[in-house]
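Some notes on the structure that comes next.
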Amino acid sequence: MSEKLIEVVDSAGIVRLTISRPKALNALNSDVLAELDSVLSDLEARDNLRAVLITGAGEKAFVAGADIAEMREKSPEQARDFARQALRTLKRLETLPVPTVALVNGFCLGGGCELALACDWAVASDNAIFGQPEVLLGVIPGFGGTQRLPRRVGPAMALDLCTTGRKIDAGEALRIGLVNRVMPQAELEAYAEELARQLGGNGPQSVRAAKQAIHDGMDQDLDSALALETALFAFCFAGEEQTEGMSAFVEKRKPNF
Ligand code: CAA
């Protein structure tokens with residue numbers, strides 16, 4: 001049997017995915033994308049899912065990009081199909097109903113940066129390096145980078161990164177809002193565990209509602225988005241979580257979600 005390219009570890013609904021092709025710095029080829037797609041499709045069907053953390057195997061790279069060796073000989077039609085395959089998979093990741101977090105443990109370039117951008121937020125180790133270096137290879141980002149990067153960091157910074165192809169360190173990534181937090185690489189593992197505990201301890205229905213309000217609201221005008229928030233806020237009062245959460249506060253105990 002061929003080795004798995006995506007390792008899946010599930011701990012009480014907190015699922016950790018590790019892209020595992022360390023010899024190629026976890027570069028995304030069509031096999032990795034197909035396996036990721038299949039894993040995500042299984043996760044979509046689960047109602048006890050609480051959060052998804054995604055990282056790269058080894059200490060050197062999160063993902064060093066789309067696989068250049070595989071792309072090298074592609075025709076325009078094959079390149080379009082490859083990009084579409086990746087876009088479909090990253091859309092699946094983006095639209096999972098639970099929080100998704102990229103744990104960026106090293107090089108996060110090209111398609112790797114685009115993978116991180118399809119997650120709700122990102123945490124980086126202090127040795128992480130980010131960039132959209134596609135122009136150095138004679139192409140542009142093809143896995144959503146020209147669209148998700150400006151939405152995350154603003155169009156001027158996205159243009160800077162996509163037209164110079166320059167690489168930035170974790171500190172600059174934090175400053176421009178590409179990542180939420182930077183920490184020593186040795187602490188990333190402990191942080192992942194703490195995050196899993198934190199997300200696992202919160203009310204699953206309200207966490208999903210918060211994600212839905214932010215994601216769906218971003219695509220709407222403010223009044224419609226505020227109406228969506230009101231609807232989801234009211235919806236929270238229809239479940240047991242609100243009763244438990246507020247009763248626990250009043251009774252000075254921890255909620256049991
Ligand atoms: N695709 C395929 N293989 C890759 C790869 C990639 N994106 N990145 C690294 N590798 C492979 C290398 O070819 C090398 O393999 P061999 O040992 O068989 O030669 C192995 O991983 C280790 O890499 P290096 O020897 O290059 O390691 P390094 O420490 O000297 O450099 C690096 C690390 C700076 C990340 C360098 O590997 C690099 O520049 N990689 C390419 C980064 C890049 O350009 N990414 C964008 C790809 S295009 C893209 O993603 C388009 C898109 O949007 C769809």
Side-chain angles (χ1 to χ4, degrees), residues 2-3 5-7 17-37 40 54-94 102-119 122 124-153 155 157-173 178-179 182 185 188:
S2 61
E3 257 178 67
L5 298 166
I6 312 286
E7 292 163 15
L17 306 180
T18 303
I19 298 180
S20 186
R21 242 192 118 206
K23 283 188 184 141
L25 303 186
N26 305 319
L28 303 174
N29 61 14
S30 5
D31 291 342
V32 175
L33 288 170
E35 202 170 307
L36 181 59
D37 198 70
L40 291 171
I54 185 158
T55 194
E59 298 200 332
K60 192 168 167 182
F62 172 69
V63 167
D67 192 294
I68 300 168
E70 181 180 320
M71 283 186 296
R72 186 175 162 200
E73 305 289 346
K74 284 195 190 302
S75 67
E77 291 70 29
Q78 290 167 328
R80 185 179 302 123
D81 289 346
F82 186 49
R84 284 182 175 157
Q85 178 191 16
L87 287 180
R88 260 194 318 274
T89 300
L90 296 192
K91 191 73 186 172
R92 266 189 201 281
L93 176 63
E94 186 173 48
L103 298 170
V104 179
N105 54 328
F107 287 112
C108 181
L109 300 171
C113 196
E114 293 166 297
L115 174 68
L117 285 165
C119 293
S125 57
D126 52 6
N127 67 329
I129 299 286
F130 295 81
Q132 295 289 168
E134 287 85 353
V135 287
L136 307 178
L137 299 164
V139 296
I140 65 168
F143 292 0
T146 64
Q147 303 310 311
R148 290 197 179 98
L149 186 61
R151 284 166 171 76
R152 179 82 49 104
V153 304
M157 186 52 77
L159 270 156
D160 169 348
L161 295 175
C162 290
T163 59
T164 64
R166 75 184 174 90
K167 298 181 179 66
I168 61 173
D169 63 18
E172 184 168 357
L178 183 52
V179 301
V182 176
Q185 185 167 36
L188 198 61

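Both counts, for ligands and for their atoms, begin at 1 and track the order of listing. What you see is a predicted model, and the numbers here were worked out from it, not measured in a lab.
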Practice problem: For residues Val179 and Arg152, determine if any side-chain heavy atom of one lies less than 4.5 Å from a side-chain heavy atom of the other. | Solution: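 They are not in side-chain contact.
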Quiz item: Under the salt bridge (charged side-chain N to carboxylate O under 4.0 Å, His left out) test, which residues partner Arg92, sequence neighbours left out?
Solution: Asp37, Glu44
Quiz item: With sequence neighbours left out, what residues match Glu70 under salt bridge (charged side-chain N to carboxylate O under 4.0 Å, His left out)?
Solution: Lys74
Practice problem: Can you measure from CG (Leu115) to CG (Leu36) and round to the nearest 0.5 angstrom? | Solution: 7.0 Å
Practice problem: Measure the CD-CG distance between Glu35 and Leu40 for me, rounded to the nearest 0.5 Å. | Solution: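 Atom-to-atom, Glu35:CD and Leu40:CG are 11.0 Å apart.
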Quiz item: Using a threshold of 4.0 angstrom between heavy atoms of the protein and any atom of ligand 1, which residues qualify?
Solution: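 Ligand 1 pocket, heavy atoms under 4.0 Å: Lys23, Ala24, Leu25, Ala27, Lys60, Ala64, Gly65, Ala66, Asp67, Ile68, Met71, Phe107, Leu109, Gly110, Gly111, Glu114, Pro133, Glu134, Leu137, Pro141, Gly142, Phe143.
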Quiz item: Sequence neighbours excluded, which residues qualify as ring-ring contact (aromatic ring centres under 6.0 Å, His included) partners of Phe143?
Solution: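 Phe82.
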